[in-house]
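Structure first, commentary second.
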Amino acid sequence: MTRPFVLLSVAVSIDGHIDDMSPERLLLSNAEDFDRVDQVRAECDAILIGAETVRSDNPRLIVKSETRQAARRAAGRTAQPLKVTVTASGNLDPAAKFWHHGTDEHRPVIYTTEAGAPKARERLGKLADIVAVGETVDFGALLDDLGARGVDRLMVEGGSHMHTAFLSAGLADELHLAIGPTLVGDTSAPRFVNPAQFPGGATRRMRLVDVTQLGDVAVLRYHPKETQ
Ligand SMILES: NC(=O)c1ccc[n+]([C@@H]2O[C@H](COP(=O)([O-])OP(=O)(O)OC[C@H]3O[C@@H](n4cnc5c(N)ncnc54)[C@H](OP(=O)(O)O)[C@@H]3O)[C@@H](O)[C@H]2O)c1
């Protein structure tokens with residue numbers, strides 16, 4: 001079974017945070033970079049975010065451009081990528097936008113634990129496919145299942161737990177790091193990744209494949225499995 005290519009995408013502040021501690025989502029990118037992310041979404045078969053991002057940001061997580069939706073259709077694809085989330089608790093609001101935008105052509109998929117599956121089915125069984133992948137979510141098994149669903153290219157859009165899980169398991173093929181010119185200045189604010197043992201440790205250097213300036217945002221592209 002072929003696992004999808006995994007692309008992690010994140011926007012960070014200069015001091016490495018992906019949000020501040022206010023209840024509103026902190027916008028770190030600019031309009032040009034949001035448009036770049038829309039294009040990257042359009043090139044993927046599925047997009048994944050963690051349950052906490054569904055709860056805190058309540059995103060629609062769709063390809064916004066109608067031109068890009070039409071191009072996907074013309075290429076024989078669905079207008080929107082498949083949506084995917086991960087939860088242990090199953091504590092997700094059925095009214096969240098995630099389930100109700102861009103889901104005409106395929107139901108979202110929820111990956112959870114054996115223990116979390118009953119609650120997820122009870123709350124969200126009408127809106128999503130619920131798949132139990134181990135006693136704790138096994139991200140390799142998650143990728144196997146997405147591969148079996150025909151997903152060749154997966155975009156992971158956060159938050160910290162999701163990026164940490166894919167990077168620490170050595171499952172990320174590409175990383176897009178957009179740096180917004182702000183300083184959050186609060187050590188309790190979420191960071192791009194949480195403390196973890198990453199393959200090769202602190203001295204292993206990943207391959208930098210591109211640097212692009214989009215107005216006041218710098219976008220760095222890395223291949224985590226390769227070295228320079
Ligand atoms: N700047 C950006 O590019 C960007 C992008 C996305 C998000 N964010 C920010 O990131 C923050 C959220 O990040 P986060 O790390 O708290 O949340 P997250 O990664 O979105 O989701 C974490 C949740 O995923 C589930 N989970 C994680 N690991 C699991 C495992 N091994 N097995 C089963 N379930 C697992 C748990 O859900 P349950 O609690 O339901 O069990 C956990 O609470 C927010 O502030 C958001 O605004 C920023």
Side-chain angles (χ1 to χ4, degrees), residues 3-21 25-50 52-53 56-57 59 61-65 68 81 84 86 139 143 146 151-228:
R3 287 183 176 172
F5 183 93
V6 177
L7 187 161
L8 309 188
S9 174
V10 67
V12 297
S13 62
I14 285 174
D15 54 347
H17 293 286
I18 60 169
D19 200 358
D20 59 15
M21 295 303 284
R25 180 176 159 222
L26 177 67
L27 298 183
L28 291 152
S29 285
N30 58 21
E32 259 181 290
D33 188 54
F34 283 125
D35 190 56
R36 175 193 64 83
V37 171
D38 200 58
Q39 174 63 31
V40 177
R41 284 182 180 176
E43 290 165 4
C44 288
D45 302 304
I47 312 177
L48 179 152
I49 54 173
E52 186 54 35
T53 299
S56 64
D57 294 1
L61 209 72
I62 56 166
V63 173
K64 295 186 184 75
S65 155
R68 291 180 184 127
V84 180
V86 178
F139 285 81
L143 291 179
L146 285 176
V151 172
D152 291 329
R153 198 172 170 85
L154 171 69
M155 181 177 185
V156 177
E157 290 205 47
S160 321
H161 281 86
M162 293 300 105
H163 287 139
T164 305
F166 281 96
L167 282 167
S168 61
L171 293 171
D173 296 289
E174 185 160 326
L175 164 62
H176 294 183
L177 187 79
I179 303 171
T182 65
L183 290 166
V184 170
D186 182 344
T187 54
S188 47
R191 304 187 69 89
F192 165 41
V193 286
N194 296 322
Q197 280 201 327
F198 296 105
T203 56
R204 189 179 172 282
R205 302 171 76 87
M206 358 178 140
R207 194 154 86 87
L208 176 66
V209 289
D210 188 55
V211 179
T212 304
Q213 181 174 352
L214 294 175
D216 63 0
V217 170
V219 184
L220 314 183
R221 220 154 49 81
Y222 293 95
H223 283 178
K225 291 179 180 172
E226 299 166 19
T227 49
Q228 204 68 42

Just wondering, do [Y] and [X] contact through their side chains at under 4.5 Å, heavy atoms?
X: V219; Y: L177; result: no
X: V63; Y: D38; result: yes
X: F5; Y: E174; result: yes
X: L48; Y: E157; result: no
X: H176; Y: V40; result: yes
X: I18; Y: S160; result: yes
X: L146; Y: V84; result: yes
X: L7; Y: E43; result: no

Please answer whether the main-chain N or O of [Y] pairs with a side-chain N or O of [X] as donor and acceptor at a distance below 3.5 Å.
X: T53; Y: I49; result: no
X: T164; Y: N194; result: yes
X: N30; Y: L214; result: yes
X: S13; Y: H17; result: yes
X: R221; Y: V211; result: no
X: H163; Y: V193; result: no
X: D186; Y: S188; result: yes
X: D15; Y: V184; result: yes

Evaluate side chain to side chain contact (heavy atoms under 4.5 Å, CB included) for T227 paired with R204, printing each intermediate quantity in order.
CA-CA 8 Å; T227 49; R204 189 179 172 282; 3.9 Å; yes

Matching residue for V12 among L28, T182, I179 - test: side-chain contact (heavy atoms from CB on, under 4.5 Å)
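Among L28, T182, I179, the one that satisfies the side-chain contact (heavy atoms from CB on, under 4.5 Å) with V12 is I179.
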
What are the two closest heavy atoms between [X] and [Y], and how far apart are they?
X: P190; Y: M21; result: CD-SD, 4.1 Å
X: R153; Y: P4; result: N-CB, 4.0 Å
X: Q197; Y: S168; result: O-CB, 3.5 Å
X: C44; Y: M155; result: SG-CB, 3.6 Å
X: L171; Y: V6; result: O-CB, 3.3 Å

Look up atom [atom1] in [X] and atom [atom2] in [Y], then write down how far apart they are to the nearest 0.5 Å.
X: S65; Y: Q39; atom1: OG; atom2: CD; value: 8.0 Å
X: F192; Y: L8; atom1: CZ; atom2: CG; value: 6.0 Å
X: D173; Y: F166; atom1: CG; atom2: CZ; value: 10.5 Å
X: M162; Y: F139; atom1: CE; atom2: CZ; value: 4.0 Å
X: L208; Y: E226; atom1: CG; atom2: CD; value: 11.5 Å

How about R207: does its CZ atom have over 12 heavy atoms from other parts shown lying under 6.0 Å from it?
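For R207, atom CZ is crowded (more than 12 foreign heavy atoms under 6.0 Å).
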
Verify side chain to side chain contact (heavy atoms under 4.5 Å, CB included) between D210 and L220, making sure each step is shown before the conclusion.
CA-CA 6 Å; D210 188 55; L220 314 183; over 6 Å; no

Is it true that R25 and D19 have a side-chain N and a carboxylate O under 4.0 angstrom from each other?
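Here R25 does not pair with D19 in a salt bridge, since their nearest N and O are not under 4.0 Å apart.
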
Salt bridge between R68 and D35, side-chain N to carboxylate O under 4.0 Å?
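A salt bridge links R68 with D35.
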
